[in-house]
Amino acid sequence: MPSETLWEIAKAEVEKRGSNGSEGDGVEIGEKSVFFIGSKNGGKTTIILRCLDRDEPPKPTLALEYTYGRRAKGHNIPKDIAHFWELGGGTSLLDLISIPITSDTLRTFSVVLVLDLSKPNDLWPTMENLLQATKRHVDKVIMKLGKKNSKAASEMRQKIWSNMQKDHPQDRELIDPFPIPLVIIGSKYDIFQDFDSEKRKVICKTLRFVAHYYGASLMFTSKSEALLLKIRGVINQLAFGIDKSKSICVDQNKPLFITAGLDSLSQIGLPPVPDNDIGKIQAHSPMDLWKKVYEKLFPPKSISTQKDVKDPARDPQYAECEVDEMRIQKDQELEQYKRSSSKSWKQIELDS
């Protein structure tokens, strides 16, 4: 019986890897995706550029932007690829969340929520709207994946729970881990650190609870090189599978740094309100209780999210003289048409 050729051996190995990858048996895949969402002008682009070692000024993200990075694993070994997606506009473009998150990418997908600590009144609604919209879509994709590959969907759910501490079993009944890896980053710590100590306490404890509830990592950053390096390490772990950091800082007078699974409800404590007041708050869940306590101190501003987005056609960074001149001409023609049409209708009404 003739021995297998080198081509046949290579072909069999590729088929074996493809089969293993589709069954979800833990084979390491060389491509991962990281999706940045969060506060408008919160520093998402700056973090991405820093992680990719790109020395260029950040530009406003108008809708959904994509870039990628590579990392060498060794000599003559294909480089790992990380896909970076960024949602612009704060909470105004939630429909675009479905574009990068698909059944093909979900198993190697992570979410990074960047919250602007300098705007505490916008923090809760930004966080709530983005996480709820993302979770709804991810849950739909997992259900779709489960119909085709129930083993892969089951392993995803088990993996999320495996990050939770075994030392605090009572927490498991009160939390609801995010269906895919989640990191929450509080940006602009340099401004936040000058806040009143009581306000800092409420924000820190609230974000610790939210992060623990969703099984997420939590960390604060600013323009400080030391803090950016720590954030870069966390993002590299999501993008390239580098080992997680086990360091922890829960001191509200310092930048928080808590890896998923290292916090607990007993360490976080109750919402920061007087003991005799907590029973008066009507809440249907622990998350709702924390929300009401937080919004009592930082009431959300009533803003129209749709008006938050600039018209890309009028953005100076996309200026093109010939196109812009033609646009102005067409706008003028449209206005003239509207006026003439209005006069015609008025004349018809008078004649009738």
Side-chain angles (χ1 to χ4, degrees), residues 37-39 42 110-128 130-132 135 160-161 163-178 181-189 191-193 195-222 227 230-231 234 237 244-275 278 281 283 285-298 300:
I37 58 178
S39 305
S110 303
V111 173
V112 176
L113 173 66
V114 180
L115 297 172
D116 187 342
L117 295 174
S118 70
K119 298 177 179 177
N121 296 80
D122 297 335
L123 191 148
W124 191 282
T126 298
M127 173 190 67
E128 184 176 54
L130 286 169
L131 287 184
Q132 286 182 356
K135 188 175 185 297
I160 291 300
W161 279 106
N163 289 330
M164 304 310 298
Q165 271 198 32
K166 306 294 190 295
D167 300 338
H168 304 280
Q170 65 275 18
D171 287 11
R172 297 173 73 91
E173 298 179 6
L174 298 172
I175 61 176
D176 183 19
F178 210 70
L182 172 66
V183 171
I184 299 175
I185 297 176
S187 64
K188 302 185 183 180
Y189 177 77
I191 299 174
F192 171 78
Q193 65 183 348
F195 282 12
D196 174 77
S197 61
E198 193 59 34
K199 290 183 177 180
R200 280 189 284 112
K201 177 183 177 182
V202 172
I203 294 171
C204 286
K205 291 192 69 171
T206 300
L207 288 178
R208 282 180 65 187
F209 171 80
V210 171
H212 186 62
Y213 179 86
Y214 283 119
S217 296
L218 171 66
M219 50 215 61
F220 290 173
T221 190
S222 67
L227 291 178
K230 293 181 78 172
I231 296 298
V234 173
Q237 188 276 320
K244 284 184 179 181
S245 170
K246 295 295 183 182
S247 62
I248 183 170
C249 177
V250 296
D251 186 348
Q252 69 183 46
N253 297 311
K254 297 178 181 178
L256 296 184
F257 191 96
I258 309 167
T259 303
L262 296 185
D263 215 341
S264 68
L265 294 177
S266 60
Q267 292 172 324
I268 297 168
L270 293 172
V273 292
D275 292 339
I278 198 162
I281 301 174
S285 67
M287 181 66 78
D288 190 41
L289 175 62
W290 280 87
K291 176 182 179 179
K292 289 184 175 179
V293 170
Y294 183 86
E295 291 188 339
K296 187 175 181 180
L297 183 60
F298 301 108

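Predicted model only: the values in this text are computed from it and were never measured. Just the heavy atoms: all of them, side chains too, but no hydrogens, waters or symmetry mates, feed the values below.
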Asks: D171 side chain to S264 main-chain N or O, any donor-acceptor pair under 3.5 Å?
Replies: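 It does not hold such a pair.
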
Asks: Over all heavy atoms of both residues, which pair between I184 and A211 is shortest? Give the atoms and the distance, please.
Replies: CD1-CA, 4.0 Å

Asks: Check the pair I37, V111 against side-chain contact (heavy atoms from CB on, under 4.5 Å), reporting the backbone distance first and the verdict last.
Replies: CA-CA 7 Å; I37 58 178; V111 173; 3.8 Å; yes

Asks: Going by salt bridge (Lys or Arg N to Asp or Glu O under 4.0 Å), name the residues that satisfy it together with K291, two or more places apart in sequence or in a different chain.
Replies: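 Checked K291 against salt bridge (Lys or Arg N to Asp or Glu O under 4.0 Å); matches are E128.
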
Asks: Counting C-beta onward and ignoring hydrogens, is there a side-chain heavy-atom pair between V183 and P181 closer than 4.5 Å?
Replies: no

Asks: Could you measure the distance from the CG atom of L256 to the CZ atom of F192? Nearest 0.5 Å is fine.
Replies: 7.0 Å

Asks: For the OG1 atom of T126 and the CG atom of L113, what is their distance to the nearest 0.5 Å?
Replies: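 One gets 8.5 Å once the value is rounded to the nearest 0.5 Å.
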
Asks: Start with the C-alpha gap between L218 and R208, add the side-chain angles, then the distance that decides, and say whether side-chain contact (heavy atoms from CB on, under 4.5 Å) holds.
Replies: CA-CA 7 Å; L218 171 66; R208 282 180 65 187; 3.9 Å; yes

Asks: Of all heavy-atom pairs between P286 and L174, which one has the smallest distance, and what is that distance?
Replies: CG-CD2, 4.3 Å

Asks: Given L117, which partner from the list I191, L123, I185 fulfils the side chain to side chain contact (heavy atoms under 4.5 Å, CB included) test?
Replies: L123

Asks: If the condition is salt bridge (Lys or Arg N to Asp or Glu O under 4.0 Å), which residues does K254 pass it with, not counting sequence neighbours?
Replies: none

Asks: Which label fits F209 and W290: parallel for a plane angle under 30°, tilted from 30 to 60°, or perpendicular past 60°?
Replies: parallel

Asks: Could you check whether any side-chain N or O of Y294 sits under 3.5 Å from a backbone N or O of P120, counting only pairs where one atom can act as donor and the other as acceptor?
Replies: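 Yes: the side chain of Y294 pairs with the backbone of P120.
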
Asks: Determine the minimum heavy-atom distance between K188 and S118, stating which atoms define it.
Replies: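 Looking at all heavy atoms of both residues, the shortest contact is CD-OG, 3.7 Å.
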
Asks: Which pair of heavy atoms, one from Y189 and one from S222, lies closest together, and at what distance?
Replies: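 Scanning both residues, the minimum pair turns out to be N-CB, 3.9 Å.
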
Asks: Can you tell me how far apart CD1 (I268) and CD1 (I258) are? Round to the nearest 0.5 Å.
Replies: 7.0 Å

Asks: Go through the structure and list residues passing ring pair (Phe, Tyr, Trp, His ring centres under 6.0 Å) with F257, not counting sequence neighbours.
Replies: none

Asks: State, with a plain yes or no, whether a side-chain heavy atom of F220 is found less than 4.5 Å away from one of C249.
Replies: no

Asks: Do you know the tightest heavy-atom contact between V210 and M287?
Replies: CG2-SD, 4.2 Å

Asks: Under the side-chain contact (heavy atoms from CB on, under 4.5 Å) rule, what do R200 and N253 come out as? Steps first, then yes or no, please.
Replies: CA-CA 8 Å; R200 280 189 284 112; N253 297 311; 3.1 Å; yes

Asks: Under 3.5 Å, is there a donor-acceptor pair between the side chain of S217 and the main chain of A260?
Replies: yes

Asks: Starting at CG of L297, measure out to CD of E198 and round the result to the nearest 0.5 Å.
Replies: 8.0 Å

Asks: Any heavy-atom pair between the side chains of P272 and V293 that's under 4.5 Å?
Replies: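 Result yes, sub-4.5 Å side-chain heavy-atom pair found.
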
Asks: Is the side chain of K205 donor-acceptor paired with the backbone N or O of L270 at a distance under 3.5 Å, no angle test?
Replies: yes

Asks: Between V114 and G42, what is the shortest heavy-atom contact and its length?
Replies: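 For V114 and G42, the tightest heavy-atom pair comes out as CG1-O, 3.7 Å.
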
Asks: Can you measure from CG (L265) to CZ (R172) and round to the nearest 0.5 angstrom?
Replies: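 Here the interatomic distance stands at 12.5 Å.
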
Asks: Near K292 NZ, under 6.0 Å, is it more than 12 heavy atoms from other residues, nucleotides or ligands?
Replies: yes

Asks: After noting the C-alpha distance and the side-chain angles of T259 and M219, does the key distance pass the side-chain contact (heavy atoms from CB on, under 4.5 Å) rule?
Replies: CA-CA 8 Å; T259 303; M219 50 215 61; 5.7 Å; no

Asks: Could you tell me the separation between the CE atom of M127 and the CG atom of L130, rounded to the nearest 0.5 Å?
Replies: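 Answer for the CE-CG pair, M127 versus L130, is 10.0 Å.
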
